[in-house]
Amino acid sequence: MPEQLTDLLHASVDDVPVPHPSAYDILGRGRSLRRRRRVATGVVAAVAVLAAGLGGALVHDLGTPDSRDNQEIADQPTGGAVEAYDQSGAWVVGDQLTIGQKTVTLPQPPTYLAQTSAGVVAQLRNGPGDSTFVLVRPDGTQTTLTIPSTTFTINGDLSAPRVAWVDDGDDVLDLHVWDVEADREVGNGTIPAPGTSPANSGQFLTPAFLDGDSAYVGADDGTGHRVRWATGAVSTIEHAPFSVRNDVLAWQAKDGWAFDDAAGNRQLGVLPREFHNPLLSPDGRFIAVARTNETEDRIGFATVSGGEFTEIPGLRIVSVWTPGGRMLSTSEDGTAVRICTTSGDCETRAVDPAGLADNGILLADVLNVG
Amino acid sequence: MARIASRAPTEDEFVELVHAAWPSLYRTGLLLVGDHALAEDLVQAALAKTYAHWHQVREPAAARAYARRIMVNTATSWFRRRSFGERPTEQVPDRPAAGARDEHDDRLRRLDMVAALAQLPPRQRAVVVLRFYEDLSVRETAAALGVTDGTVKSQTSLALERLRAILGDEVALPAEGPATYSTTGGPHA
């Protein structure tokens, strides 16, 4: 009876109770993967920016902007390129990059912007496996960096002039930390990752979260590693990081999200599973997060310590932090940049309509995958 | 001939895929990892990875097979990175009988194949599940696992031999042709 094994296998599992899937949990997990997925060969970033990585298609009916819309942010600085960058961050429309209050022209439209304390690093994709990285400072000056052109993408440190990335090695991940002001590698580390092979690279990005003198890298089994990049010392951490800022680590728990001190000694707060994509603020006190019900995502802030969720109406789900701790997003229709404080005051910045027609808005720290 | 859609599928179509594919993926995942919580996590991970590539999908009807392949690859990755080695037991545990119509069927139904599979090395387990539960051909199984046809045949042969030892003569298992051992099976062989 050749089919008996088949019958046995079916008899073993076909009547087991199957838990109900949470499509929104899966979407949230997929969005975070997609956000960090390596920019594939042949990506046309221009067509992607409006839909941008995190899945804006699920954002429906966020409501009209409230009365705070278009208000000037009370403590908006009037001078100082660095302060303007800290508070407004950076974005690009086509080849026009805005950093703080300054707009400059890049040699070509970038596919990615990584914010650091020294400015934003623009990734210009020349072709498959060939990128140029340009540091654009808050005053608009540009320096082409010597980061290896084969680097797929980078992660920046909002509080330091550094970026990091990992390369796939044979059963290891090779971490690199680069000082963008000095334009040289300042640290590295070798992280055990059984099953990793250079031959299989290019599928999914393993993000390296830079936070001061440490970099945090997740593993497929839900654990992670902390690398003291100056010395190369590697230690195992209990949970794979989703976001790390100022010694606070966010990770996805079975029933939601947890926020620990990065040393893993104590839990600082939790969020239930209706929240998605919690991104820690530079000071580690707030979370920019989407809250999902049956039909829609609402964007807003919560405190790490478990405070109330404050919705910010009229934002798309693609929202990131500026170095100074404001939420950088786009308007619901994707035609303007919105910058919001944690108290909910928002400023709207217009962008060049001609550039929008062809490109849309690419925010810093958002990886579009086409 | 399948028509190729001119646009990427929508997120609503992805949600439809999740609900349509979840039960069968979950059961396959349960056979692969042998644990309900791990199976749920495995299927979630596979579907999330499928979503990460969703914009590249042009034929939603093929997405379920694509998700299954990602799930097998994810499980294979887990096998390499976690302690998913075989779990030797003295005998195959029984599971509660459910509506068995005769003694033979009752005995078969009480055999816990999940526990039996758990005693196989991970690669053999995956081959058995794909070939005899998912009903894939040798070639389709090889493609799903990223190995050669010969590796699938040899692993099948070894797996059946081991299952015979575990399950005893009471269960007739399919005969497998002469094993073809690959010497160039690549990194997954």
Side-chain angles (χ1 to χ4, degrees), chain A residues 1-38 40 43 47-48 51 53 55-58 170-171 192-197 199-200 203-205 219-223 254 368-370, chain B residues 10-12 14-19 21-23 26-28 30-31 36-37 40-41 43-45 47-56 74 76-82 95 98-99 105 108-109 111-117 128-129 131-133 135 160 163 167 171-175 187:
Chain A
M1 192 184 294
E3 66 277 11
Q4 192 173 30
L5 178 56
T6 297
D7 294 341
L8 283 169
L9 291 170
H10 280 282
S12 292
V13 294
D14 282 358
D15 60 350
V16 299
V18 176
H20 187 71
S22 171
Y24 286 98
D25 276 357
I26 294 167
L27 274 171
R29 198 165 168 178
R31 285 173 190 150
S32 62
L33 275 175
R34 183 175 172 183
R35 177 170 173 261
R36 292 180 166 83
R37 195 171 70 82
R38 288 183 172 166
V43 157
V47 301
L58 273 187
D170 287 317
D171 293 324
T196 301
S197 165
N200 295 331
Q203 290 297 312
F204 289 94
L205 170 67
D220 275 1
D221 64 359
T223 66
K254 183 72 177 171
N368 289 305
V369 293
Chain B
T10 65
E11 296 208 6
D12 285 343
F14 177 77
V15 173
E16 287 177 15
L17 169 72
V18 168
H19 287 284
W22 177 270
Y26 179 83
R27 292 180 176 115
T28 303
L30 182 58
L31 289 171
H36 285 271
E40 187 173 357
D41 196 29
V43 182
Q44 276 205 9
L47 288 170
K49 289 180 180 180
T50 302
Y51 176 79
H53 290 274
W54 195 237
H55 63 289
Q56 297 172 338
T74 302
T76 304
S77 170
W78 286 12
F79 293 155
R80 285 198 297 262
R81 298 181 185 212
R82 298 185 184 193
R95 59 200 294 268
D105 281 351
L108 295 186
R109 285 179 184 279
L111 282 173
D112 189 340
M113 286 299 295
V114 175
L117 285 174
V128 168
V129 171
R131 289 204 58 193
F132 300 105
Y133 182 73
D135 201 25
L160 294 178
L163 280 176
L167 299 170
V171 177
L173 296 175

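Predicted model only: the values in this text are computed from it and were never measured. Sequence lines set the chain letters: A, B, ... in the order given, protein chains first and strands last, and positions in each chain run from 1.
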Item to check | Interface moiety of Val128(B) toward chain A, non-hydrogen atoms closer than 4.5 Å | outcome: both

Checklist outcome for this item: Closest non-hydrogen contact found for Ser12(A) with Asp15(A) is O-OD1, 4.3 Å

Next on the checklist: Are the side chains of Met113(B) and Leu5(A) in contact, using a 4.5 Å heavy-atom criterion?
Outcome noted: yes

Checklist entry - Which value, rounded to the nearest 0.5 Å, describes the distance between Phe132(B) atom CZ and Leu163(B) atom CG? => result 9.0 Å

Checklist entry - Among Gln44(B), His19(B), His36(B), who wins on heavy-atom pairs under 4.5 Å with chain A? => result Gln44(B)

Next on the checklist: With a 4.5 angstrom heavy-atom cut-off, is it the side chain or the backbone of Pro17(A) that approaches chain B, or both, or neither?
Outcome noted: backbone

Checklist entry - Non-hydrogen atoms of chain A under 4.5 Å away: do they reach the side chain of Tyr26(B), the backbone, both or neither? => result side chain

Checklist entry - How about Val114(B) and Val16(A): do any of their side-chain heavy atoms sit closer than 4.5 Å? => result no

Checklist entry - Side chain, backbone, both or neither: which part of Asp14(A) has a heavy atom under 4.5 Å from chain B? => result both

Checklist outcome for this item: Test side chain to side chain contact (heavy atoms under 4.5 Å, CB included), reference Ile26(A), set Leu17(B), Val15(B), Leu47(B), output is Leu47(B)

Next on the checklist: With heavy-atom distances below 4.5 Å as the criterion, would you say the side chains of Thr28(B) and Val129(B) are in contact?
Outcome noted: yes

Checklist entry - Is it the backbone or the side chain of Glu40(B) that comes under 4.5 Å from a heavy atom of chain A, or both, or neither? => result side chain

Checklist entry - Non-hydrogen atoms of chain A under 4.5 Å away: do they reach the side chain of Leu30(B), the backbone, both or neither? => result side chain

